[in-house]
Amino acid sequence: MVSFKGSAEVVVIGGGVIGLTIARSLAKRGVRDVCLLERAGLGSEASSAAGGMLLPQVEADGHDDFFALACRSRDLYPSLAAALHDETGIDIELDTTGTLYLALNEHDYEEIEKRYDWQTRAGLAVELLTSAVARELEPCISEATFGALLFPNDIQVENRRLVTALANSVDALGVKTMTETTVEALLIEGNQIRGVQTSRGDISCQTVVIAAGTWSSFLLQSAPTITPVRGQMVCLDSKPQLTRHVIFSPRGYLVPRQDGRLLAGSTSENAGFAKRVTAGGIVSILRQALEISPAVANLPIVDTWAGLRPRAADGLPVLGPCGEIDGLFYATGHYRNGILLAPLTAELISEAIVTGKTSPLLAPFSPDRFSSQPVLSV
Ligand SMILES: Cc1cc2nc3c(=O)[nH]c(=O)nc-3n(C[C@H](O)[C@H](O)[C@H](O)COP(=O)(O)OP(=O)(O)OC[C@H]3O[C@@H](n4cnc5c(N)ncnc54)[C@H](O)[C@@H]3O)c2cc1C
């Protein structure tokens, strides 16, 4: 491997959707010398394992800062999809059919009624469907369906095409992307970032963004702890497609892709960094999928995979400048919603870097919320 010494204006660590969207946003805001460093291949971790669902409303039980962030980010997708198509010719298959959330027993039904109540009171788009209407909409769903919520604005994107489009976009915008390059340490003098030490040599810079997913805590001793939550997925072949909507239940989900793949997910496991598909995982996913639609039983399984969701201690994303080290920014901990949150994360982090002003939207997600010593601003 060739060793070198280089420099950049901003170094972004991690080539998943978060690092890629931030690098793109920085370049679009006129930062000329952005360097994106990725240990393996672009999108090789959670960003390709995901289901691509953009569902802030489906599981929300109230209006909080996270809900506001997630809705705003979802609503950026149509313009992101159009821009990426213009820039790269790639269609990221933003599918705006909407999502059905099924109640499959009495308890589920009580839950969906509560969700329907608060969301209609908040003026959000949601419909409560009888079992018959839901089955008319999607005949594949179980006869045991008690009722369903239809979320017309909760949609999906083909996340692997998104990664490819972002990779082409950053390339066209002049971002220097280095794959197979591991960041081994941050170079810090006093309380200022001076660069990064990589497996191919040092790169000096004044600004670093940590977007290394579930590996983000390894880069600095004082970093917020990010832990991996394993999610497994089963990919079925469904031609003609079983469903037009994304179908969610309190236990599992089905995501129809335009090419006939039907994704069934998922598990939520604390299994360390073992990115394995297990017999138990597949069994539980198939059980959840069959509960949604018995017709799944006839579909061939064509693929399975696992990915690691990056989770912070409180389950919320970690976003914004690090109070202790000048020039260091975090964009990590996106847990189950990194595809959903990528467009807004990129806007807010690149804005903070370029203007030096941190949006109030980021305040609840500050990395400093985990510091034992509160950081005082003067
Ligand atoms: C099964 C499953 C289903 C999911 N479904 C959805 C969904 O439907 N909707 C949704 O919004 N989210 C979903 N998610 C969550 C989503 O995938 C993640 O939140 C998101 O991909 C996180 O993106 P990221 O860029 O932070 O992390 P990653 O995609 O993991 O990227 C981090 C990158 O950093 C690199 N890296 C790490 N350390 C270093 C280093 N030292 N030097 C250089 N590079 C480094 C890694 O190689 C990796 O490529 C799902 C996740 C899983 C596993």
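Counting starts at 1 for both ligands and their atoms, in listed order. Worth saying up front: this structure is predicted, and the values here are computed from it rather than measured.
- For ligand 1, the atoms sitting less than 4.0 Å from at least one non-hydrogen atom of Val17 are 23 (O), 25 (O), numbered in the order shown with element in parentheses.
- Proximity of Trp305 to ligand 1, defined as any heavy-atom pair under 4.0 Å, is not found for any part of the residue.
- If you check each of Gly213, Gly333, Pro310 against atom 22 (C) of ligand 1, the one with the closest non-hydrogen atom is Pro310.
- If you look at Thr332 next to ligand 1, there are no close heavy atoms at all, none under 4.0 Å.
- Between the side chains of Ser266 and Arg309, at least one donor N or O sits under 3.5 Å from an acceptor N or O.
- Every atom of ligand 1 is numbered from 1 in the order shown, and the set under 4.0 Å from a heavy atom of Ile339 is 10 (C), 11 (O), 12 (N).
- Close approach to Met53 involves these atoms of ligand 1, each under 4.0 Å from a residue heavy atom: 7 (C), 8 (O), 9 (N), 10 (C), 11 (O).
- Residue contacts with ligand 1, taken as heavy atom pairs separated by less than 4.0 Å, involve Ile18 via backbone and side-chain atoms alike.
- Separation of atoms OG1 (Thr164) and CD1 (Ile92) is listed at 11.0 Å; rounding is to 0.5 Å.
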* Intermediate values then yes/no, side-chain hydrogen bond (donor to acceptor under 3.5 Å, both in side chains), Gln241 and Arg261 -> CA-CA 8 Å; Gln241 194 51 272; Arg261 284 173 303 141; over 6 Å; no
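- Residue contacts with ligand 1: Gly52 is included, with a non-hydrogen atom under 4.0 Å away.
- Every N/O-N/O distance between Thr182 and ligand 1 stays at or above 3.5 Å.
- For ligand 1, the polar-atom distance check against Ser47 finds a nitrogen or oxygen pair separated by under 3.5 Å.
- Of all heavy-atom pairs between Pro321 and Pro367, the closest is O-CG, 3.5 Å.
- Close N/O approach between Glu45 and ligand 1 is not found [any backbone or side-chain N/O within under 3.5 Å].
- Here the shortest heavy-atom distance to atom 1 (C) of ligand 1, taken over Gly43, Ala46, Gly231, Ser216, belongs to Gly231.
- Residue contacts with ligand 1: Arg309 is placed with no nitrogen or oxygen under 3.5 Å of a nitrogen or oxygen of the ligand (distance criterion only).
- Contact between Thr181 and ligand 1 is present, with at least one heavy atom of the residue lying under 4.0 Å from the ligand.
- For ligand 1, the atoms closer than 4.0 angstrom to any heavy atom of His334 are 19 (O).
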* Asked: Can you list the steps and then say if Gln258 with Glu158 is a side-chain hydrogen bond (donor to acceptor under 3.5 Å, both in side chains)?
  -> CA-CA 9 Å; Gln258 286 179 21; Glu158 215 292 82; over 6 Å; no
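- Classified by interplanar angle (parallel below 30°, tilted 30° to 60°, perpendicular above 60°), the ring pair Phe66/Phe365 is perpendicular.
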* To do: Please lay out, stage by stage, how Ser169 and Arg24 fare under the test side-chain hydrogen bond (donor to acceptor under 3.5 Å, both in side chains).
  => CA-CA 7 Å; Ser169 166; Arg24 175 175 174 274; 3.2 Å; yes
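- Near Asn337, with a cut-off below 4.0 Å to any heavy atom, the atoms of ligand 1 are 10 (C), 11 (O), 12 (N).
- Inclusion of Gly41 in the set of residues having an N or O under 3.5 Å from an N or O of ligand 1 is not warranted.
- In this structure, Glu110 CD and Glu113 CD are separated by 7.5 Å, a value rounded to the nearest 0.5 Å.
- Residue Met53 is not grouped with residue Val157 when hydrophobic side chains (ILVMFWY) are merged at heavy-atom distances under 4.5 angstrom, including chains of intermediate members.
- Residue contact check: Ala49 has heavy atoms under 4.0 Å from atoms 1 (C), 2 (C) of ligand 1.
- Backbone and side-chain nitrogen or oxygen atoms of Ala40 are examined, and none is located within less than 3.5 angstrom of a nitrogen or oxygen of ligand 1.
- Set against the non-hydrogen atoms of Gly307, the atoms of ligand 1 under 4.0 Å away are 53 (C).
- Proximity of Arg336 to ligand 1, defined as any heavy-atom pair under 4.0 Å, is confined to the backbone N, CA, C and O atoms.
- For ligand 1, the atoms lying closer than 4.0 Å to a non-hydrogen atom of Gly14 are 33 (C), 34 (O), 35 (C).
- With a heavy-atom cut-off of 4.0 Å, Ser266 touches ligand 1 through its side chain alone.
- The shortest N or O to N or O distance between Ala331 and ligand 1 is not under 3.5 Å.
- The N/O atoms of Tyr335, backbone and side chain alike, include one that comes under 3.5 Å of an N/O atom in ligand 1.
- Glu38 OE1, 2.7 Å is the protein heavy atom nearest to atom 49 (O) of ligand 1.
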